[in-house]
Amino acid sequence: MSLPDTASPLPPRSPGPAGTPAADPAAAPTRASTVDSRADPSAAPATEPGAAPAAGPGAFATRAIHAGGGPEPATGAVVQPLYLSTTYAMDSPGVTRGAYDYARAGNPNRSALEATLAELEGADAAHAVSSGMAAVTAVFSALLAPGDSVVVPRDVYGGTVRLLEDEYARWGITIIPADIADPAALAAALAAGPALVWVETPSNPSLEIIDIAATARAAHAAGALLAVDNTFATPYLQQPLGLGADVVVHSTTKFCGGHSDVVGGAVLVKDHGELPAGAQAGARIDRWTASAGVGSAPFDAWLTARGLKTLAVRMERHCDSALRVARWLRAHPQVAEVRYPGLPDHPQHELAAAQMRGFGGIVTFRAASEAIALRAAERVRVFALAESLGGVESLFDHAATMTHLCLRGTELEVGPDVIRLSIGLEDPADLIADLTAALAD
């Protein structure tokens, strides 16, 4: 049996504070224009899934450490200082000393984080915001207009669809559910003339894989933008902008931050020169995030940037351990099914191997019964019974009562036997021993 498609309830720069003149764009660049976007995703050579990236000055791990800037000029500090100032002195009325006037619109810590994210994703512009859902909201608010429609896959984070249904439906925005992996189903959805196609790959919680390049071609041919939630893969494993996506969204709370100590999100944009909306997307999102006040706070940006410096080495360990756990679960008599893109029997295993550097740190499985799933949830000791994912600690999520509770009672609710594991950095032998005890008769 396969996991049910049940992850969603589907049926110009902003001015400073009031009374302060906006800086002249020609005199002081906006946050988007200060982003270093030299890197092309191809700069990090493709490797076998799960293999370490090539060494050298252009390698991902090196860029993750150095893209945000070198030693601080005044003191030589190798770690960027924390800039807590809410406002920045001007040299004369309306003329900023640098790129900053008021912290709601930008600050040096946020700029450093955005520079790193843009470098790693191959983006023209990056926007660091206060949470993953703030990133989703920024995309919908900046790029959609009343009467627009959005194509959404049937396996997607429930919070995304809840936001569309609870908030954007009041704008007259409609959801078009579709099996995006099926070309015929996607074509039928695109025939309705949507403004945006939204994709998660790998998806939450079923870990379905969507062909980003094929979806981008189809969306653009229909005049729609493609946005990809890249939270589960991270820029280390997958770079959707290089495959044709127009917008990438992250909950940086997860693997990018990596330590379960900071909430954040990011929106990254690349103009492929195909659609007018794509050319305008970066500026619209930049203006919306500054006007709405959802930009990342200095310390949050600083913590997230710190996390990105170790992303490559952490993702290697996440991937290696997740594959070991997935293989072990597949042979367990109390487990009905295991979903992990790194297993050869995953429906999109070959696509994942072609599209991703590795297969990720999330493993989803179905216990043989709801009772077994609930009993295991009570028994785990090394795994923490907690929501979220992507931290150094391993997490055990009974999706139906935790992360996907909002879908209960809908035709697409997550089954009560479904468990999502976020595999952390502990020794995988200890994780397997914990699951052995949790699943014992």
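Only a predicted model underlies this, so the values are computations on that prediction, with no experimental measurement involved.
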query = Among V139, L225, V150, which one satisfies side-chain contact (heavy atoms from CB on, under 4.5 Å) with L144?
reply =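 Looking at V139, L225, V150, the match for L144 under the side-chain contact (heavy atoms from CB on, under 4.5 Å) is V150.
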note = The side-chain contact (heavy atoms from CB on, under 4.5 Å) partner of I176 among V151, L190, L196 is V151
note = Residues pairing under ring-ring contact (aromatic ring centres under 6.0 Å, His included) where one sits in residues 194-234, two or more places apart or in two chains, turn out to be F140-W198
request  = Using salt bridge (charged side-chain N to carboxylate O under 4.0 Å, His left out) as the criterion, list what pairs up with D166, not counting sequence neighbours.
outcome  = none
request  = Go through the structure and list residues passing salt bridge (charged side-chain N to carboxylate O under 4.0 Å, His left out) with D397, not counting sequence neighbours.
outcome  =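 With sequence neighbours excluded, D397 shows a salt bridge (charged side-chain N to carboxylate O under 4.0 Å, His left out) to R420, given in chain and number order.
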message = Set out, in order, the CA-CA distance, both residues' side-chain angles and the distance that settles side-chain contact (heavy atoms from CB on, under 4.5 Å) for L435 and L421, then state yes or no.
response = CA-CA 11 Å; L435 292 171; L421 302 177; 4.0 Å; yes
Other residues, nucleotides, ligands: >12 heavy atoms within 6.0 Å of R330 CZ = yes
Name all residues meeting the side chain to side chain contact (heavy atoms under 4.5 Å, CB included) criterion together with [X]; count only those two or more places apart in sequence or in a different chain, and write none if there are none.
| X | value |
| --- | --- |
| A233 | P202, N230, L237, Q238, M356 |
| P298 | L82, L84, N107, N109 |
| E167 | L163, R170 |
| S141 | T137, Y168, W171, W288 |

Please enumerate all residues that pass side chain to side chain donor-acceptor pair (under 3.5 Å) together with [X], with sequence neighbours excluded.
| X | value |
| --- | --- |
| R306 | D261 |
| H250 | E121 |
| S149 | none |
| S394 | E426 |

query = With sequence neighbours left out, which residue pairs that include part of residues 67-76 fulfil the side chain to side chain donor-acceptor pair (under 3.5 Å) condition?
reply =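 Every pair satisfying side chain to side chain donor-acceptor pair (under 3.5 Å) with a residue in residues 67-76: E72-T75.
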ask   = Checking ring pair (Phe, Tyr, Trp, His ring centres under 6.0 Å) against F359, which of H346, H318, H349 comes through?
value =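 It is H349; the other options fail the test.
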inquiry  = Donor-acceptor pair, distance only, cut-off 3.5 Å: does the side chain of R97 make one with the backbone of Y88?
reply    = no
request  = Please confirm whether the backbone N or O of G307 pairs with a side-chain atom of T310, one donor and one acceptor, at under 3.5 Å?
outcome  =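 Checking the backbone N and O of G307 against the side chain of T310, a donor-acceptor pair under 3.5 Å is found.
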task = Under the side-chain contact (heavy atoms from CB on, under 4.5 Å) rule, what do S111 and Y100 come out as? Steps first, then yes or no, please.
result = CA-CA 10 Å; S111 293; Y100 311 102; 2.7 Å; yes
Beyond-backbone contact of [X] with [Y], side-chain heavy atoms, under 4.5 angstrom:
| X | Y | result |
| --- | --- | --- |
| Y340 | T364 | no |
| V363 | R339 | no |
| V338 | L343 | yes |
| V325 | F365 | no |

ask   = Between F60 and Y236, how do the two ring planes meet: parallel, tilted or perpendicular, split at 30° and 60°?
value =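 Perpendicular: the ring planes of F60 and Y236 meet at over 60°.
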query = Can you tell me if Y157 and T231 form a side-chain donor-acceptor pair at under 3.5 Å?
reply =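 The answer is no; no qualifying pair exists.
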key: Distance in Å, I65 CD1 paired with T116 OG1, rounded so as to fall on 0.5 Å steps   =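 These two atoms lie 10.5 Å from each other.
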task = I would like to know whether V269 and D124 meet side-chain contact (heavy atoms from CB on, under 4.5 Å); could you show each step before the answer?
result = CA-CA 6 Å; V269 179; D124 294 333; 5.7 Å; no
